[in-house]
Structure formats: structure tokens, C-alpha cells
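Throughout, a chain's letter reflects where its sequence line sits, starting with A, and its residues are numbered from 1. Everything quoted here is computed from the prediction, not taken from an experiment.
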Amino acid sequence: MRDRHRPREVAPESSTTEHGGMSVTEHVRVRFAPSPTGHLHIGGARTAVYNWAFARRHGGTFVLRIEDTDPERSTEENTQAILRAMEWLGLDHDEGPDVGGPYGPYRQTERAHLYADALERLKERGSVYPCFCTPEELERKREEARARGGFAGYDRTCRLIPQEEAQRRIESGEPHTWRLKVPLERGDVVFDDLVRGEMRFPISAIDDLIVVRSDGTPTYNFAVAVDDATMRITHVIRGDDHISNTPKQILIYEALGLEPPEFAHLSMIWGPDGKRLSKRHGATSVEAYREMGYLPVALLNYLALLGWSLDGETTVIDRDTLVANFSLERVSRNPAIFDAEKLEWLNGVYIRQMSAEEFVERMVPVLVEAGLLRAEEVAARREWLLALAPLVSERIKRLDEIVAMVRFLFEDVAIDDRAREAVLAKPGAATALAAAREALSGVASWDAPSIEAALRPLPERLGMKPKAVFQALRVAVTGTTVSPPLFESLELLGRERSLARIEAAQPLAAE
RNA sequence: GGCCCGUUCGUCUAGUGGACUAGGACACCGCCCUCUCAAGGCGGAGAUCACGGGUUCGAAUCCCGUACGGGCUACCA
């Protein structure tokens, strides 16, 4: 449903709001709050991109908060991996566990005292009450309520316990949780979602949720609200799986006597089958894309486009353009399906945009990693690498494709069976190779133009098609039917090796 | 069950009542270029705007309903 009354988001740099008749400048503060239970995945990265872009667009602060309250699955390695992935993507944060900041600590496990403080405040204000129901009882009640239909939340039994009695039971050591006393008389909880417009929830449908467990730890909604409040977050930009949590968090803010932030809910990212994106759909972590040879700018661009558009026409959007143009108003409400092919195309666009120098910088680590080049050789072969760069960069979409494309330049490769059959087995192949070998041995200066000058006349002289002659040569020299341009390849291979390979291939060629 | 969200070419999207014979991009098909593969150029196919009602001179755009998909409904996050 389209909502034409979507609220204004803040103007770039800052926004001015009325506070007690006084104009104050509100500094934008957003946060990305991943749970270190795994690597940074595509969906989380997209949320991070939007938060980052929004902060940068408005000259605000981007906070990184680690939600590590699940001790079973949270690890420090994952935290570090998430940090690395964000750095690689270029999503720099202003405050976080690694860089600190005025509103720390930035790991939930280190913020226990803040939740305790908040609980005290809630008690003082009478916004919370102890609940002595056991998990088993609750389970039973839930099932009964479910069977009756309608509201399935807590039946508020303990809300009716007189204060003195509750106090006595607490002091006697009876296990209890703390529940939010939802103000039934309050009326609907309404907020203006910056992406979806007005969102309205009947107060009667909101549970007296547990804010602090019997072991004293805060529940998710409580921790989030307290964190966002104490970190002075102004805009909460997150997945739409949190829409239903929002009214609960707003109620917590209100119970604390605080002004809730603005909210913007992003649609989910799905796999090609319309299901939640998961490993089944292939690579889902940012790290995996780095390893596959994707450029950070390409992934950033693609992620930005997954639910946001600049103008509906522009698709190639670099970091600066994104920052200069990002707005929540242009975020779409529909879930988006992750399209690996479009990402790959975009990556190719950025690869082709690189200068030879930039490409060499990317290519060298790949070659070294593949064992084709030694790091010590790089300086000496710089000119050669610079000449190779444009030949390769125009033909690949991922950096990891480099290896297969240039291997023949670094080591002798066997001639591919299919290539031999399709090309060398054709009549005339041997004649072509012999003629080429002869023509090439006479080349004075071993460079592509001279090589081309020597080879160009061959087809006509031999009465063959150009393609037949050059493909035979290509297969002899590169081992396959697909390679960078022939004349340049010969130049880079060098005279000795080129002639040797042609000679070696001659016995395999048909007359 | 209750509450909430979503639905425009295969995919990402443009669209905010008349400029819509619904635009762009990826993918697909054809032609051109060409030593292969790419890249590039030109062209093509592809969307009854989920469905049904209404409002209006006029609706992809506003209203209501239905269907389908999704989320929340935990002492998970």
C-alpha cells in the first residue's frame, strides 16, 4: 500500500526540532547492531550499508554495537570477522567496540549495569512488576489462550498481586521475572515509519513482555531499547522483522520517560526461490564474496540497489554518489530477491573501469596466491604486468577468473583435448602452424604490432580463413580456444616460448 | 488464531490521479564489430501493474474486500 504521507526525514547535515519552544539541532546517530553468531551476511550488510549511507549523508554518527548476549553462539572470532568485513566494504564506523566512543561500552555483555539501572528506574516509576509464573505455567496458559483464539499474550495474573505480597515473595527468594506493565489506557501505539508511513498497533494486542529474566539478564527488546536510548540513537534502521517489536520498544522508551527515535524498516532479502536467503542459495557472507574476487565498491553498489534506487535509471553508483544521494524516502517496501548475476555484471563494470595500475594491484595478489608469480618478481615485471592488465580486465567479471585466463603465460600448459579436436584436427592446421612459425622467426622487434604485421598476410597467402589460421595458433600457444588477444599474448609470452610451443604443437596438427 | 507488513516484465526497480501505446538495468534472443572470448553498438521479445469491487470525466497511482507470500506472537535475537 502506498502512503503518500510518509514523514519527512531529516534534512542533510542536521534537522531542527522544537523543544520547549527552543530550536535545537539534532545530530543524526544511527547504529548497526549485528549479533556475532556468524559472519556478516548479505542481509546484515545491506542494513549496515543503509545505516552508514544515511549517517554519512547527514553528517551524522555511525555506531557499531555488538549484540553478543547469546553466549552459546557468540564468539570473538565472529566479531572480528564482522569488523573485517565492514572495513573491507568501506563501512567505517565512528563509535564501536574497537574504536570506543562516548556512549560505550559497545558490547551488550559489558552493558549489564545499564540494564540494571534502567530496571531500577522502571521499578521506581511503577512501570514494571514481578512475575512469579513458571515457564511451565506460562506454556500451559499460552496453549489454552491459543485454543480459545485471539490474544495469546500473558494473562497478567501477577500484575494483580498486591505490592506487599510481591515484595515478600521476592525477599523470600522466589524466582521471578520482571514484566512491563503495559498501560492499557494509553490507546494505540503509533509511529511514522520512515519507509512505510504510519504504523498503528492496538495497545490491547501488546503483551506485558518480560524485560528482565529470572536470572537477571535483560531480554532482547529491553536491551535494544535501553541501548538505543542510552546511545542517543536518533534513527533506527533495521530489517522489517522488527516491525512488530517496535511498539514494545516504544512502550519501554515511554516507561523510561524517554522520547523514542525514528524508525525505518527495510524489507528482507530473499533467495531466488522466494525463501529467506540462506546457504542453500550459495554464498551469503560478505567474506565469501571477497574471496570470489568481488570488489567492495561493486558489492556496496549492488547492496545499495537492493531496495533503494537513485532515480530508477542509474545503476552504477559509487561510494560518493551513494552518500550524496541516499535517502530513506527512496527505499522500497517490497522484499528483494538477491540476483547474483546482476552483482557479477556490476563487478565487471567496476573491473573494466580500473586503470592498468589499479588492476595490477588487484591482479598481483591473485597471481601470487595461485603460485604463478613470486612477490619478489613483481617490481621487475611491472611493465609486463601493466601491459597484461587491460587484456585481462576487459574479459573478466570476477578477480578469481584471472588465473585461468593467464596461466599459459606463466607455465606450459597441456593442449585441451576439445581444443585439439575442434581446431588442430582441422585440415590446414599444420600448414598454418608451419607458416606462422616461419613468419614469426623473422620478426625483428617482438611486439604486438610487428607480430600482427607478420601474421596478417598468412590467411590470404595460404588460402585459408583468418579464423582458421589464428585459432590454430591460439590453441598451439595457449592450449585453449579462448584467450586474450593473440598478438598481444604472443608478445607477452616472448619469442622463445611462443616458437617452442608452436613447434611442440605441430605434430598434433592435421595437414 | 490474533496483530502487522508486502504484491509493477524471470530478477532489481521507475511510477505519488491525465506526459503510461507502463520507463531503465540484469538476464535472454538477433544483427553489427571481430583472431577466440569478452567489451561495445544497434534492435527484439518480455508486465492483463496479484485478484475483485468502488471513487473519478480519467487509477499502477485513492478507498474497501479477497487471495497469496512474509514477520511477530519465547525467561531467542
Side-chain angles (χ1 to χ4, degrees), chain A residues 1-6 33 35 37 67 69-70 72-74 131 133-135 138-139 142 145-153 175-179 193 196 199-202 204-207 209-215 217 219-221 223-224 239-248 265 267-268 270 272 274-276 302 305-309 311-316 330 332-346 348 352 392-397 405 419 423 452 455-456 459 465-475 478 480-487:
Chain A
M1 195 184 298
R2 304 290 145 110
D3 188 333
R4 303 174 62 247
H5 310 291
R6 292 168 80 178
S35 178
T37 53
E67 306 210 329
T69 48
D70 183 346
E72 300 289 307
R73 299 182 297 151
S74 297
C131 175
C133 298
T134 64
L138 293 172
E139 177 67 24
R142 205 166 22 244
R146 234 2 195 299
R148 277 200 311 275
F151 184 64
H176 61 281
T177 59
W178 288 92
R179 284 186 184 272
D193 191 287
R196 288 153 209 274
M199 219 63 77
R200 180 179 294 271
F201 296 80
S204 58
I206 302 174
D207 204 2
L209 69 157
I210 291 173
V211 291
V212 173
R213 303 186 185 99
S214 50
D215 66 359
T217 59
T219 56
Y220 171 74
N221 282 303
V224 166
D240 74 0
D241 47 340
H242 289 290
I243 289 180
S244 303
N245 287 326
T246 306
K248 302 173 193 171
H265 288 100
S267 291
M268 303 276 86
W270 287 346
K275 298 248 168 61
R276 229 191 160 98
Y302 181 71
L305 247 21
L306 216 49
W308 172 83
S309 65
D311 54 12
E313 309 277 306
T314 316
T315 48
V316 180
R330 292 195 62 86
S332 89
R333 289 156 278 254
N334 324 350
I337 290 175
F338 187 80
D339 181 3
E341 279 186 295
K342 189 159 182 174
L343 201 211
E344 195 165 68
W345 166 78
L346 254 181
R352 272 174 257 127
V392 179
S393 66
E394 201 172 299
R395 311 189 142 63
I396 58 168
K397 291 181 176 154
M405 185 147 297
V423 179
E452 177 164 11
L455 296 177
R456 271 296 172 202
K465 292 196 158 164
K467 183 171 170 175
V469 175
F470 297 131
Q471 275 299 77
L473 244 188
R474 182 188 311 283
V475 170
T478 72
T480 70
T481 55
V482 176
S483 82
L486 184 59
F487 310 125

Exercise. Ignoring hydrogens and angles, does a donor from either the side chain of A:S244 or the base of B:G71 sit under 3.5 Å from an acceptor on the other?
Worked result: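 Answer yes: a donor N or O sits under 3.5 Å from an acceptor.
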
Could you please name the partner base of [N], counting Watson-Crick and G-U wobble pairs only when both distances are under 3.5 Å?
| N | value |
| --- | --- |
| B:A60 | none |
| B:C75 | none |
| B:U55 | none |
| B:G17 | none |
| B:U34 | none |
| B:C49 | none |
| B:G6 | B:C68 |
| B:C28 | B:G44 |

For this session: Between A:F487 and A:D339, name the one whose nearest nucleotide on RNA chain B is closer to the 5' end.
Result: A:D339

Exercise. Relative to the 5' end of RNA chain B, which residue comes earlier, A:P484 or A:V212, by the nucleotide with the nearest heavy atom?
Worked result: A:P484

Problem set entry | Gap between atom CZ of A:R333 and atom CG of A:D240 - 0.5 Å precision |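 Interatomic distance, A:D240 CG to A:R333 CZ, rounded to 0.5 Å: 12.5 Å.
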
Exercise. Is any side-chain heavy atom of A:L473 less than 4.5 Å from a side-chain heavy atom of A:L455?
Worked result: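 Yes. Closest side-chain heavy atoms under 4.5 Å.
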
Problem set entry | Validation row: A:I210, A:W178 side chains within 4.5 angstrom (heavy atoms) | no

Are any of [X]'s side-chain N or O atoms less than 4.0 Å away from OP1 or OP2 of [N]?
| X | N | answer |
| --- | --- | --- |
| A:R142 | B:C75 | yes |
| A:N245 | B:C72 | no |
| A:N334 | B:U8 | yes |
| A:R276 | B:G71 | yes |
| A:R395 | B:U36 | no |
| A:S35 | B:A77 | no |
| A:S332 | B:U13 | yes |
| A:R330 | B:U13 | no |

Does [X] reach a base, just sugar-phosphate, or nothing at all? Heavy atoms under 4.0 Å.
| X | value |
| --- | --- |
| A:W308 | nothing |
| A:P485 | base |
| A:M199 | sugar-phosphate |
| A:T315 | sugar-phosphate |
| A:T177 | base |
| A:I337 | sugar-phosphate |
| A:P335 | sugar-phosphate |
| A:G307 | sugar-phosphate |
| A:R73 | nothing |
| A:F201 | sugar-phosphate |
| A:T37 | nothing |

Exercise. Do we see a donor-acceptor contact under 3.5 Å between the side chains of A:D215 and A:T217?
Worked result: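 A donor-acceptor contact under 3.5 Å links the two side chains.
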
Exercise. Using a distance-only test with no angle check, is there a side-chain donor-acceptor pair under 3.5 angstrom linking A:R196 and A:S267?
Worked result: yes

In terms of side-chain heavy atoms of [X], which of [options] is nearest?
| X | options | result |
| --- | --- | --- |
| A:E341 | B:C37, B:C4, B:A27 | B:A27 |
| A:P466 | B:C3, B:C35, B:U11 | B:C35 |
| A:I210 | B:C35, B:A39, B:C75 | B:C75 |
| A:R352 | B:G6, B:G40, B:A25 | B:G40 |
| A:I243 | B:C4, B:G24, B:C37 | B:C4 |
| A:A336 | B:G6, B:C35, B:U13 | B:U13 |
| A:H242 | B:C75, B:G6, B:A77 | B:A77 |

Exercise. side-chain contact (heavy atoms from CB on, under 4.5 Å) between A:F487 and A:R456: does it pass, once the steps are laid out?
Worked result: CA-CA 10 Å; A:F487 310 125; A:R456 271 296 172 202; 3.8 Å; yes

Exercise. How far, in whole Å, is B:C5 from B:G41 if one measures between their P atoms?
Worked result: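 Result for the P pair: 44 Å, nearest Å.
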
Exercise. Say you pick atom C1' in B:A60 and the same atom in B:A14; how far apart are they, in whole Å?
Worked result: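 Comparing C1' positions in B:A60 and B:A14 gives a spacing of 12 Å.
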
For this session: Begin from the C-alpha positions of A:I243 and A:F201 and carry the test side-chain contact (heavy atoms from CB on, under 4.5 Å) through to its verdict.
Result: CA-CA 10 Å; A:I243 289 180; A:F201 296 80; 3.8 Å; yes

For this session: Go through A:C131 and A:H176 one step at a time and tell me if the side-chain contact (heavy atoms from CB on, under 4.5 Å) criterion holds.
Result: CA-CA 5 Å; A:C131 175; A:H176 61 281; 6.0 Å; no

Problem set entry | d(CG, A:D311; P, B:G15) in whole Å | 9 Å

